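Since we're looking at a predicted model, the values are computed, not measured. Remember, it's 1-based here, ligands and their atoms both numbered in the order they're listed.
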Amino acid sequence: MGALEDQSALITGASRSIGRGIAEAFGREGAAVVVNYHSNEDGAEETVEIIENEGGSAISVQADVSDEDEARTLVETAEEEFGSIDVLVNNAGILEPATLDEMDIETWDRTISTDLRGTFLVTRFAIEGMLDRGSGRVINVASQLGIKGASELTHYSAAKGGVISFTRALAREVAPDVQVNAIAPGPIETDMLDDTTEEWRERKEAEVPLGRIGTVDEVVPTAVLLAGEGGDYYTGQTLSPDGGDAMH
Ligand code: NAP
């Protein structure tokens with residue numbers, strides 16, 4: 001029997017990379033999975049197929065998490081389809097590096113809207129059902145940059161720092177019924193790092209105590225832990241599969 005048998009989970013941004021890895025693992029652990037995506041329908045369908053081929057149950061739902069109506073509909077669809085959302089993983093995020101002196105206001109707004117407001121919106125709508133049922137888990141994917149900050153990423157660092165503070169505040173508000181935790185990965189080999197230079201990678205590898213960029217498979221077990229029985233005594237925490245990058 002899987003760790004998430006008879007549970008249903010909504011994972012935002014699960015069409016690829018970290019979100020897909022978490023969706024697949026949750027499916028294998030027995031959860032019915034709602035695979036949210038923004039524009040990559042094929043990717044989301046592929047995630048669903050992988051879960052179904054392994055005997056699991058999943059659907060894909062398009063929604064921009066930064067849009068109030070779309071976030072509300074996403075949560076309603078998930079609840080209608082699988083009865084409830086037992087585990088919500090706020091994973092959707094974007095990263096568009098720019099120095100502050102050259103940053104468009106739109107770039108700042110887009111990052112905060114997706115990475116922070118999106119987490120707030122989906123949680124805002126999903127928390128009602130969790131509180132009504134007296135149980136639930138929220139897992140927010142932050143970043144080690146929300147702890148240590150990074151040059152050219154003031155907007156991203158601010159959003160992810162906000163996600164960590166949101167996690168702590170909400171954990172206090174909804175305890176003991178709902179548990180709220182964050183994951184703050186270090187640099188992870190995904191599409192998000194596609195535009196980085198060789199020079200950046202070498203610098204980053206030298207900076208991370210474990211000396212390398214991590215993989216999706218090295219982040220996923222933390223989400224499984226926090227969603228399942230192993231996470232029973234965690235709330236308000238930020239766990240960091242980051243090769244020692246932030247050490248908070
Ligand atoms: P990724 O490969 O760029 O994938 C991003 C995912 O988010 C995609 O599924 C994308 O959907 C979805 N998304 C983007 N904007 C969205 C929106 N407005 N509404 C709904 N979905 C949206 O990123 P990743 O590396 O897997 O990152 C996943 C999370 O981990 C992010 O929150 C990121 O900040 C965090 N993180 C990543 C790293 C890293 O080094 N990779 C490190 C620390 C933290 P579409 O495919 O449909 O566009």
Could you tell me which atoms of ligand 1, counted from 1 in the order shown, lie closer than 4.0 angstrom to a heavy atom of [X]?
X    : result
N91  : 28 (C), 29 (C), 30 (O), 31 (C), 32 (O)
S39  : 45 (P), 47 (O), 48 (O)
N36  : 20 (C), 21 (N)
D191 : 2 (O)
Y37  : 47 (O)
A92  : 7 (O), 13 (N), 20 (C), 21 (N), 22 (C), 32 (O)
D64  : 17 (C), 18 (N), 19 (N)

Does only the side chain of [X] get under 4.0 Å from ligand 1, or the backbone, or both, or neither? Count heavy atoms.
X    : value
V216 : neither
D115 : neither
P187 : backbone
K160 : side chain
T190 : side chain

In terms of residue, atom name and distance, what is the protein heavy atom nearest to [atom]?
atom                    : result
atom 6 (C) of ligand 1  : G13 O, 3.8 Å
atom 45 (P) of ligand 1 : S15 OG, 3.4 Å
atom 23 (O) of ligand 1 : M192 CE, 3.6 Å
atom 2 (O) of ligand 1  : S17 OG, 2.5 Å
atom 44 (C) of ligand 1 : A142 O, 3.2 Å
atom 36 (N) of ligand 1 : Y156 OH, 3.5 Å
atom 42 (C) of ligand 1 : G186 O, 3.1 Å
atom 5 (C) of ligand 1  : G93 O, 3.8 Å

Legend entry - Closest to atom 19 (N) of ligand 1 among D245, N40, V65 (heavy-atom distance): V65
Inset, instruction - Tell me which one of V141, V89, I183 gets a heavy atom nearest to atom 30 (O) of ligand 1. - result: V141
Legend entry - Main-chain N/O of V163 paired with T167 side-chain donor or acceptor, under 3.5 Å: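 Pair found, side chain donor or acceptor close to backbone of V163.
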Inset, instruction - Say whether, by atom type as modelled, one donor and one acceptor occur between the side chain of Q179 and the main chain of G231 under 3.5 angstrom. - result: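 Indeed, once roles are kept as given, a pair shorter than 3.5 Å links the two residues.
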So [Y] and [X], do their side chains get closer than 4.5 Å, heavy atoms only?
X    : Y    : answer
L193 : W200 : yes
D232 : R137 : yes
I183 : P241 : yes

[Y] and [X] side chains, donor-acceptor separation under 3.5 Å:
X    : Y    : answer
T238 : H248 : no
N140 : T119 : no
E45  : S60  : yes
S66  : R117 : no
D245 : Q144 : yes

Heteroatom proximity flag, [X] to ligand 1, N/O under 3.5 Å:
X   : value
R16 : yes
G19 : no
S66 : no

Test item, [X] contacting ligand 1 (heavy atom, 4.0 angstrom):
X   : answer
A63 : yes
T12 : no
I94 : yes

Legend entry - N90 and T12: CA distance, side-chain angles, deciding distance, side-chain hydrogen bond (donor to acceptor under 3.5 Å, both in side chains) verdict: CA-CA 5 Å; N90 287 303; T12 68; 4.5 Å; no
Legend entry - Heavy-atom closest contact (A184 atom, D242 atom, distance): O-CB, 4.0 Å
Legend entry - Pairwise distance CG(D109) to OG1(T114) - rounded to 0.5 angstrom: 10.5 Å
Inset, instruction - Decide, yes or no, whether a salt bridge links R72 with E68 under the criterion of side-chain N to carboxylate O below 4.0 Å. - result: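 Looking at E68 together with R72, the answer is yes, because their closest N to O distance falls below 4.0 Å.
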Inset, instruction - Would you check, one step at a time, whether the test side-chain contact (heavy atoms from CB on, under 4.5 Å) holds for F26 with V89? - result: CA-CA 11 Å; F26 279 18; V89 182; 3.7 Å; yes
Legend entry - Audit row: N181, V138, side-chain contact (heavy atoms from CB on, under 4.5 Å) steps and yes/no: CA-CA 6 Å; N181 291 289; V138 179; over 6 Å; no
